[in-house]
Amino acid sequence: MSAADRVRRLLERLVAASAVERILISSAALLLSILLGAVLVLVAGRMTTCAPSSAVYYFGTGFCYDPVLVFDRLFLGALGEPFSGGWSPAGQFSVTLRETTLLIFTGLSVALAFRAGIFNIGTQGQMAVGGLATAVLVLRGADVVSGVAGTIVLIPFGIVVGAVFGGLYGSIPGLLKAYADANEVITTIMLNFIATGVTLYLVGGAFKDPESAANQTVPLPEFAQFPTVLFGGRQDFSLVALACGVLAIGGLYYLLEHTAFGYDIRTSGLQPEAAEYGGVDAKRTVVASLTLSGAFGGVAGAMYVMMVLGKFQSGLPAYGFDGITVSILAGNNPVGVAFAALLFGVLKSGTTIVQFATDVPPQLVGVLRGLIILFVAMPEFFRIVGRRVIDPGAEPVATDGGHAGGSDDE
Amino acid sequence: MSKAVRLEGITKRFPGVVANDDVDFEVEEGTVHALLGENGAGKTTLMNVLYGLYGPTSGRVVVDGEKREFDSPRDAIDAGIGMIHQHFMLVDPMTVTENITLGNEPRKWGGLAVDRKGAREAVVELADRYGFDVDPDARIEDVSVGEQQRVEILKALYRGADTLILDEPTAVLTPQEIEELFGVLEELTAQGKTIIFITHKLGEAMAAADEISVLRDGRKVGTVDASDTTREGLAELMVGREVLLDVDRPPADTGDVVASVSDLVVDDDRGVRAVDDVSFELRAGEILGIAGVDGNGQSELIEALTGLRPPDAGTVRLLGEDVTDDSRRRRIEAGMAYIPEDRQERGVVMDFDLVENALLGSQHSPELGPRGRIDWPETRTHAETIIDEYDVRTPGAATPAKSLSGGNQQKFIVGREFERDPELVVASHPTRGVDVGSIEFIHERLLELREAGVAVLLISSKLEEVQGLSDRLAVMYEGDFVDVVDPRATTESELGLLMAGQQPEAADGADAGTPTEADEEAPVDADAAAGGERA
Amino acid sequence: SGGPSGGSDDTETETETDSGGSTDDGMEETTAAETTESGPAAHIGMVYATGGLGDGSFNDQAQSGVIQAQEDFNIAYNEAQPDEVAEFSSFQQQFAQSTDPNYDLVCCIGFLQADSLTENAESYPDQNFMIVDSVVDAPNVASYTFKEHEGSYLAGLMASLLTTQDFSAGAGSTAGDSTNVGFVGGVESDLIKRFQAGYEAGVSAGSDDVDVSTSYTGSFNDPAAGREAAAAMYNSGADIVYHAAGNTGTGVFQAAQEAGKFAIGVDRAQSITRPSYSDVILGSMVKRVDTPVYNSIEAVLNGNFPGGTAVSLGLAEDGVDLVYGDSLGSEIPDDVASEVSTAREDIINGDISVPTSP
Amino acid sequence: MSDAGETGASTDAPTADEGPVASRSTRELTAWAVIGTLVALLLGGAAFPDSLLGILANVITDKDTLAAALRLSVPIAFAALGGIFSEKAGIINIGLEGLLIISAFTAIYVTDVTGGIWIGFGGGVIASTLLALLFAVVTIEFRADQIIAGLAVWLIALGLAPFVSQVIYNGPNTPTVATTGSISVPVLSGIPFFGALFSASPSVYLLFVAVAASWYVFERTAFGRWIRASGENPKALDTAGVNVSRVRYAGVLISGVLAGMGGSALSLDLGQFTGNGPTMVNGKGFIAIVAYLFGNYNPIGAFLATMLFAGLDAIQTVLQLKGIGLPRQLIRIIPFVVVIIVLALVGRTRLPEAAGEHYESGEE
Ligand SMILES: Nc1ncnc2c1ncn2[C@@H]1O[C@H](COP(=O)(O)OP(=O)(O)OP(=O)(O)O)[C@@H](O)[C@H]1O
Ligand SMILES: Nc1ncnc2c1ncn2[C@@H]1O[C@H](COP(=O)(O)OP(=O)(O)OP(=O)(O)O)[C@@H](O)[C@H]1O
Ligand SMILES: [Mg+2]
Ligand SMILES: [Mg+2]
């Protein structure tokens, strides 16, 4: 066997190894999306007009938008200008981490359900319910304790409240699926609309801050919000919250991989009949996993309330839906969620910078996100490309997936 | 006589597998040709090449003396070749007529509509011509397996097939249905059609075929005349070594009642009564066999017993305890092992590796999952034990179940369940789709368990298996036990009648042949049995 | 006439700015070109309300203020259209932190920005901010609110006067025997309820027999829902529907056209900004968000930025007004116009006090 | 009125010859329950015209309610029909929302540029079909996970439409263009209640045609059978000599065309595309999925399920005006609550056997 052969074998095995493959494919998806995004920026740049002085020139043609600048701003901006010397933890980087923290929780929420074979589109609603409950109950709690003691008591309390209410709301589609055979995709979509309506009603009425024109609760006192450590408080980011997120990742990983309950969940997700055969109570697992999934969503709501806004306000940003994309990019793997959440955190936070620093419409980032997910969905595409790269001489792959002419197989 | 089809030097490679290796194969027009071989020998692949599903890596296909290149089944169909696949290629919610005409619908209004009346008439006419009994308007999901098979054959005939390939057509049929099928094949050859059928079963090949070709490891090891060969000779050709076909079984030494079922009533998915008032007892050290045509309630009975389906009435007791309302998990914990009918749906999680699969059913056990936490090192050792002791051919315990062959998956499941230290083993079709060598192995293990005082409930559609292994044999028909007989004292044809819901004449009961002999001679009183129609 | 400023030069300004604003090339060119030549007189940051530009009302109206300032004073501006509440803070900070260019004023459009601005004004004491629709008490923030209820009162009065007589103009008509008019809101909030309250007060001032049917669509950007809400009102006998629902209102106009009835626009002179519906738009309750934007820019340039002050703009300050429709305005009966005009004076004089909540 | 009543009845009828026995009977039961409730409601309403029942009965039997329900149905029902074609062929198309978004925007843009409403309509259909083609290539050729790829289609459209709008119109919302208007059939449109069927926008009529045509395709044509077979047992179709990929491509492309018609109709009916937040489509594509699952993959069933939902939406709009004592925010969620309740009663919908699975010809 020649050395080239050996390298080829090694590469082949690398490509086949699923974790490595996932990472390779995700990176390739990101790169390809950026490339396509750049093309889109250039094309869009031809569709608008601008002064020749403000245009950039590539291949001898003038474009109004500069893709290099866009991606420079998107990534470096989101990372808080790591190369310009003035990096500070209080900068845009903490916005990135703030978004990451929230996306970790919604991502875990979706990922957990996915692992149980359930498509939870309802994280958004669960987040709203958890968030409102947290705001309301922590406010009550703040009447009882305050100061440092308040922080120590109220933050965990708020998280638990978010988890409980998000979990309860998540259990509704769980129960409906387990006992009424109702498709969870439908029920969770409906429950999102319902959560929006009900929280708007409550926060515009019973729980409304009489002082504010907005539909929001009374702001939480400072001690009932996440304390800022290291990172400047201006960006509503708390390292403590991020630590909770990392803890949650570890917890879910442990749950899935090292506990019998996690095994039950994974088995149900992959092959419900086999799970049933293996003594897994299918109905209970459905309810339990959607409840737990909802709990993560609820905690995301609690984080949003106690870290970002300091109150609950109607018109919750779409973290729940972003959680779906995070989870997909992560292959529904809790550890992967950390990286995917960071990537989407960068994209979300970078969007502001792009919008601020360029004339390119920020919706570009939305397109990028879609493209990334699209490419992640088609690993086969990269495998085919990969095979061509590894073995350029190979004939086109036959429809049955077999190689033509593999005489060196022996 | 001319050759209907000829395959010359066919080689077909898959990544890492040579499924067919320079196979020459030819079939005389108007004859029945059996293709015999172990699991994975390459039978299906060879026929798929002939049917245009796969292009051969090298080699030629000659039909009616003309060299052909098939890019798709469409080309093969045009050349007069029809194939009835191992798993039926039928669309369940569509009707018999719709299925038969699929892809070749008669049209009207310039193609804008299917000529539904015309299609129905064509189907009725075709069925009449070959004497097939099918209901053109029935939905596939509502008709019996035998009828589905007839639909498959009609489908091929409708497309003008002259050469029919049947892939393991008898695997799912009752002896009577098999007999009917062989009758159909005879009728077809009489009308000039050529038949190739694939089977593992030596007896069938010898009973129905004119010629027999044997494949082993992708190579053809020989073609023989059906009339001058023996079962032993064929088996040796297939496996490459001598095979013990008889089960050596010491007499039972039964103990206490392990499981008892009384007045059990179970409904199926559609709410139709599937098990109707069944009662039986099963003792330690005893194998109770259940024979019956698929779909007579065996699956539902097993599911109710194992805790996968709630019964509508009756009780199930395990070691004296009423477990009727207990969950599946409780039953596992009480010492019930279960080899499920459908290994790839229930028995293993295809995407899990063997370590994870070794845990299935034991995840809450004190040994592997103490206090809700999984002991992975222990589980790995357990998996490796199973792999070693049950001769599971796999690169390692970290291999996903889906990349094991079916037979090896089955061996793994058998190993896992037997290693549970069970009080009761429920084995449903434990050797379905498994090759001769592995069958032997699994049978031996079952008998070992029996000797160790385990109670075994054995369900199989293979009569020779249940007959050979069971101490008592219950025959199930339309949800009830028609009779419980001594398997050694009952002939296959008597069993066939019982399976059709009839009590054989008292006089017949006496002459008990050995099971193997019964298998060898084609059942004779199929006509009598045909009266008992299946639901 | 001394009534509402129908057809006044205000409206004409609108036309210009609007067409200028809808093709961004013009704008970019100006900014870019002048930056290179002499440098703009000031840099302005605009942070719009969620909902974005192109809403045909609130944000667009704010934009027209900065565009006007650009034309008049040679300033340059940069815009941000946040999608969600958490982004307000980011954008405010981006503008405040920026040194190249250094923003002389950051305009925060919409009351939802108040909370984050309260924090940021403190963090960036040297940065001038202005906020529309809310009051932020900080020395470097100029706050502008509007008395939407006052303008809405006039809209209600006009509606109730017209619906109790047989009136037809353009593509619409009213039946004299009708006893209700409609109000379509976006998302329920105190602000929008102020529109509703003023409108209801105006309606009952016009006639005791006329009721207001109220509906909220839950969105400022859902024309389909606006259309159904308005259609339901027209079907139940309403002749005139007033909306305070941003882009959702486009659907209200359409429903009016389909029903052959009338609608009243909001924020801008919508008979001009939505010309395809000018045949059913009786008038619009303009809320001159552009005025504080323009004025605060001018103040910054003149060195007298009113930081720390809060101004409430009502009819008296020309902050709100009822502007008659571009094509229907001339057909409004004189008696109605004069009654409206009288009410306007009465409100300004304090003879009528308009409630701020329904 | 009988939006709801009809729906109940006929989600059942088409079901009867598809679903398994058990679900057939629950469906039947639910249908009768819905009809029963409705009759009781109408009788009660007649007896006590001033009660809440009376108000409800009044609203339900109102011609305008039917007209509103039809208007609201158009995009949802078109997308639902599209979803049926795709999913029956074996490709779950969760990207309908994206197809609606892209066509809604393109229709306005093309209309704005060319001035022709129907040219714009066609432009929207083409845009949606192209996006569907991308989806088809990705799922059929590159074996992408259908659910994930569908989400990607949604996300791409959700970003792209406002992006282009921003580039062209400097805002996520487009200016207004002319609308499709409405066509009224003389005499027929005067019929009480059902007259609403004959005085509607052209897209409503187009929808009727599309529903009927889809039904015809599935029930009467060979192609319809191939689509069904392709989703139930692609291998059966393959071995019958029909190219499964081609059938699946056709199914997905048709879903693109139909969803495109829905999207174009949506925006051209209002003469504007609004691209802020979830855009003007705002979940209609997802509700379309609900509709066809509800309608058990039958075009007529899906249409009636859509009408049930749209009818409830229309009713809640009117109820907001009636002041029935319930806060408005809560009235608005009535349709969603009802969908959940009905779904809990109807239970499982049976997906085509092979839906969601990749099919490779020649796979063992
Ligand atoms: N479509 C396929 N793609 C890749 N590998 C396959 C495919 N089908 C089968 N194999 C591989 O071929 C081997 C044999 O599979 P198969 O299930 O056909 O075996 P079998 O003939 O049933 O074997 P046994 O005799 O053990 O039952 C396995 O290793 C399996 O992974
Ligand atoms: N699509 C495929 N990809 C990879 N390997 C395959 C494929 N199909 C079959 N094989 C392999 O080719 C060999 C022959 O398989 P084939 O299905 O022809 O066996 P068979 O004789 O029909 O077995 P059985 O009796 O189990 O049906 C097996 O090792 C199988 O694993
Ligand atoms: Mg096999
Ligand atoms: Mg085979």
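Letters A, B, ... mirror the listed sequences (proteins, then strands); counts begin at 1.
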Contacting moiety of [X], where chain D heavy atoms sit under 4.5 Å:
X	answer
A:Y179	neither
A:V365	neither
A:F382	neither
A:I372	neither
A:L364	both
A:T325	side chain
A:I328	side chain
A:I189	side chain

Does some side-chain heavy atom of [Y] sit less than 4.5 Å from a side-chain heavy atom of [X]?
X	Y	answer
A:M190	D:V337	no
D:F163	A:L40	yes
D:L151	A:F119	yes
A:I373	D:I156	no
A:L374	D:F135	no
A:I194	D:I340	yes

Task: Name of the residue among D:V164, D:I168, D:V167 meeting side chain to side chain contact (heavy atoms under 4.5 Å, CB included) with A:P361 - done: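 The residue from D:V164, D:I168, D:V167 that satisfies side chain to side chain contact (heavy atoms under 4.5 Å, CB included) with A:P361 turns out to be D:V167.
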Looking at every heavy atom in both [X] and [Y], which two are closest together, and how far apart are they?
X	Y	result
D:A344	A:A180	O-CB, 3.5 Å
D:F142	A:M378	CD1-CE, 3.9 Å
A:A182	D:L343	CB-CD2, 3.6 Å
A:A377	D:I148	CB-CG2, 3.5 Å
A:G197	D:Q329	O-CB, 3.8 Å

Quick check for you: to the nearest 0.5 Å, what is the distance between [X] atom [atom1] and [Y] atom [atom2]?
X	Y	atom1	atom2	answer
D:I341	A:L176	CD1	CG	10.0 Å
A:R383	D:R143	CZ	CZ	8.0 Å
D:T279	A:Q363	OG1	CD	11.5 Å

Measure distances from [X] to the heavy atoms of chain A and classify the residue's part below 4.5 Å as side chain, backbone, both or neither.
X	value
D:I331	neither
D:I334	neither
D:V290	both

Open item on the list: Can you tell me how the ring of D:F336 sits relative to the ring of A:F193, calling it parallel under 30°, perpendicular over 60° and tilted otherwise?
Closed with: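 Rings of D:F336 and A:F193: parallel, as their planes differ by under 30°.
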